[in-house]
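In the text below, chain A, chain B and the rest are named by the order of the sequence lines, each starting its count at 1. Atoms considered below: every heavy atom in the structure, side chains included; atoms not considered: hydrogens, waters and symmetry mates.
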2 protein chains.
Amino acid sequence: MTLQMIADRLGLHVSTVSRVLHAKPGEGLRAASSPTVERVRKLADELGYQRNPHAMSLRTQRSNLIGVLVPRLSDMVLATIYEGVEEAAAEHGLSTFVANTRDIPEEQRARTEMVLARRVDGIIFGDAHSDSGFLDEVAARGVPFVLVNRQAEGHPSVVCDDYLGGRMVAEHLLELGHEDVAVVAGEPYASTGINRTGGFADRFREAGLPIPAHRIVHSRFDARGGRAGTERVLASGPPPSALFVVNDFGAIGALGALRDHGLRVGVDIAVVGFNDTPLAAELPVPLTTVRSPMHEMGRRGLRKLVRVLEGGRAETELLRPELVVRASSDPQQYSALMKH
Amino acid sequence: MTLQMIADRLGLHVSTVSRVLHAKPGEGLRAASSPTVERVRKLADELGYQRNPHAMSLRTQRSNLIGVLVPRLSDMVLATIYEGVEEAAAEHGLSTFVANTRDIPEEQRARTEMVLARRVDGIIFGDAHSDSGFLDEVAARGVPFVLVNRQAEGHPSVVCDDYLGGRMVAEHLLELGHEDVAVVAGEPYASTGINRTGGFADRFREAGLPIPAHRIVHSRFDARGGRAGTERVLASGPPPSALFVVNDFGAIGALGALRDHGLRVGVDIAVVGFNDTPLAAELPVPLTTVRSPMHEMGRRGLRKLVRVLEGGRAETELLRPELVVRASSDPQQYSALMKH
DNA sequence: CTGAAAGCGCTTACAG
DNA sequence: CTGAAAGCGCTTACAG
């Protein structure tokens, strides 16, 4: 099924058929006479004509392809963000290539080259490292891109207002009277962990309760990382009265570590996560957490990239977080839960 | 950077350059004289030449593109399988388009058409419905494809031996003396849930303990679905002594429902999941489950598709499951856990 | 060993 | 309103 075949059957030239089928809304009228337009559209429909994207890309030097790089898709947070990207991309007639970089610089480089070799029009990075010059290099090469989830100085991004989210958690714990708290803070190169921890620590400092350095530990963003981080917190002194783990999966790992130490979540220690993944509400002791608009972040990231591709300006966009209080930190909800 | 530019600088014809740069290993020698080969390779290297994939696809009628359809990437099981697919694809010089179909037939159709419009060479379906003729239609159109995770009559697939896995769980629970058990069985159209439940029920029947129909309930494959399914089990009679939830995320939801009913997992009721996602081991009460080789399944699925594309035969491949016993079903491990 | 030609399927300025 | 031409960047059988 090609334009040529349609043209032949209709006794028209291929260029006429092309104009009719792919004229932009505004110039649809000048493509051909209306009887011709009718005939062409009808036949194309009957034959189920599909434009060949490779021919089009070759000719127009535009692929309608987007590269998406994430640390790992098996992290539900990134997978959900990607679902938003993919959904919005489909609505814009774009297709996406996703690849895992596992937060390893060489893989970030290799995967970037790979999608560029595939001639993507632009890239969405979900794996920005705040301490690396890699994105500056990419920008210097003139590759259009935006960041999602994590931000980096000088590049457009769509992220949750992580700093504010961290403050909200602190506010909540301060209201409950917690004075000795600890943070499992995620990877040191991820703006998410940095800003969530920053907002949290700043709010406690403002309350006259600065958090000592040994109460803040770095960690991987998965359940094992959360467990390991929590173990280090517990090894460094008496258990704090509250623990902020900067992502839900890490918080789940923390639950395991706490239970190994005989600490009852919601009674002996309050735990707060971040993201409000669907798991948080379903846990045996439901997890207090901060809802971040992951799906929406993906959608907006894609739209921002489209704007960049159209030559528009793009600033960093902060999405509003929302505290969701559950039994893991709220004594009232906890005792309601136990009334069975 | 095009072949033409390299040819010009070297005073060669573009066809010679093409032959040198892209000759297959076997015919590499006959591409040009070795000094010419040297010169071409060197310059291509210096200039960082990258073949234009659109031009190549247009010319060769092969895109080196693979479509991957999954219910949803935010399901960690599918995300992990996809990671295997993507990894193996990269090794084979293939790129992938992934799309979510949310297990909705219209979306399965729409996304299939979408990847086909992108001219993929073949498709990997992770969302097969055993009660639908859709895959037969796709096969009838001559589209090469393989299934992963879920199987369907008459189509090549790579899946876990779910029936065996179900039997293993039954065996384990029978050894522990459980006689009154229930199953949260997943979606009725998914071979995973069907076969895991089938193996489990068969083994109990063989032991002279057939499971009554009301003890087997269908459910969605996420935490909320597991919770809802468990609620229905508990509503339909006295609590069973053991509960088999056919996937880990569902099992996590079950934990929530059980705790709402005041049932202590590992004491009042045994719980077993399926997949051994990284979360299972980290839960407050670690979850007994069946390890299924998700990543490997993805890798093998891609390789099987490559074989199909090369015109080879392809049968269904069953991967071996492995029972992982933890405290949620094992009284010994449970009491060891409590010794703090 | 290397070149020349044809053609994959499209788009787009131009001519009539 | 429609056609004809050129060309995007490659590959591949063929000729010399």
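- Ion pairing of B:R150 with B:D103 is present here, as a side-chain N (NZ or NE/NH1/NH2) and a carboxylate O approach within less than 4.0 Å.
- Phosphate proximity of C:dG9 to A:S18: absent, as no side-chain N or O sits under 4.0 Å from OP1 or OP2.
- In this structure, the CZ atom of B:R119 is 12 Å from the C1' atom of C:dC8, given to the nearest Å.
- Using a 4.0 Å cut-off on heavy atoms, the residues of residues 53-62 of chain B that approach DNA chain D are B:A55, B:M56, B:R59, B:T60, listed by number.
- Distance B:R51 CZ to C:dC8 P: 20 Å, rounded to the nearest Å.
- To the nearest 0.5 angstrom, B:R299 atom CZ is 14.0 Å from B:I81 atom CD1.
- A ring-centre distance under 6.0 Å is not found for B:H129 and B:F134.
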Audit row: A:R141, A:E113, salt bridge (charged side-chain N to carboxylate O under 4.0 Å, His left out) steps and yes/no: CA-CA 12 Å; A:R141 288 165 65 182; A:E113 293 309 326; 2.8 Å; yes
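- Taking the six-membered ring where the residue is Trp, B:H155 and B:F145 present tilted rings, their angle falling between 30° and 60°.
- Here the C1' atom of nucleotide D:dC8 and the CG atom of B:L3 are 13 Å apart, to the nearest Å.
- Regarding contacts with the backbone of D:dG3, a side-chain N or O of A:T16 is found under 4.0 angstrom from either OP1 or OP2.
- A residue-by-residue look at B:H13 and A:S15 shows that B:H13 has its nearest nucleotide of DNA chain C further toward the 5' end.
- Per the geometry, CG belonging to A:N64 stands 20 Å off P belonging to D:dC8, to the nearest Å.
- Counting heavy atoms from C-beta on, the side chains of A:K42 and A:D45 never come closer than 4.5 Å.
- Remark: B:Y49 is not in phosphate contact with D:dG9, judged by side-chain N or O atoms under 4.0 Å from OP1 or OP2.
- A sub-4.0 Å separation between OP1 or OP2 of D:dC1 and a side-chain N or O of A:R19 is absent.
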Would A:R313 and A:E315 satisfy salt bridge (charged side-chain N to carboxylate O under 4.0 Å, His left out), going step by step from the backbone distance to the final call? CA-CA 7 Å; A:R313 282 201 47 67; A:E315 292 98 25; 3.3 Å; yes
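- Side-chain atoms of A:E86 and A:T96 form no donor-acceptor pair, as typed in the model, at a separation below 3.5 Å.
- Between the CD atom of B:Q50 and the C1' atom of D:dC10 there is a distance of 15 Å, given to the nearest Å.
- Side-chain contact, B:T316 with B:S157: a donor N or O sits under 3.5 Å from an acceptor N or O.
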With Watson-Crick and G-U wobble geometry limited to distances under 3.5 Å, how should the secondary structure of DNA chain D be encoded in dot-bracket form, using | for bases paired to another strand and [ ] for crossing pairs? |||.||||||||.|||
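- A:N52 places its CG atom 8 Å from the C1' atom of C:dC8, with the value rounded to the nearest Å.
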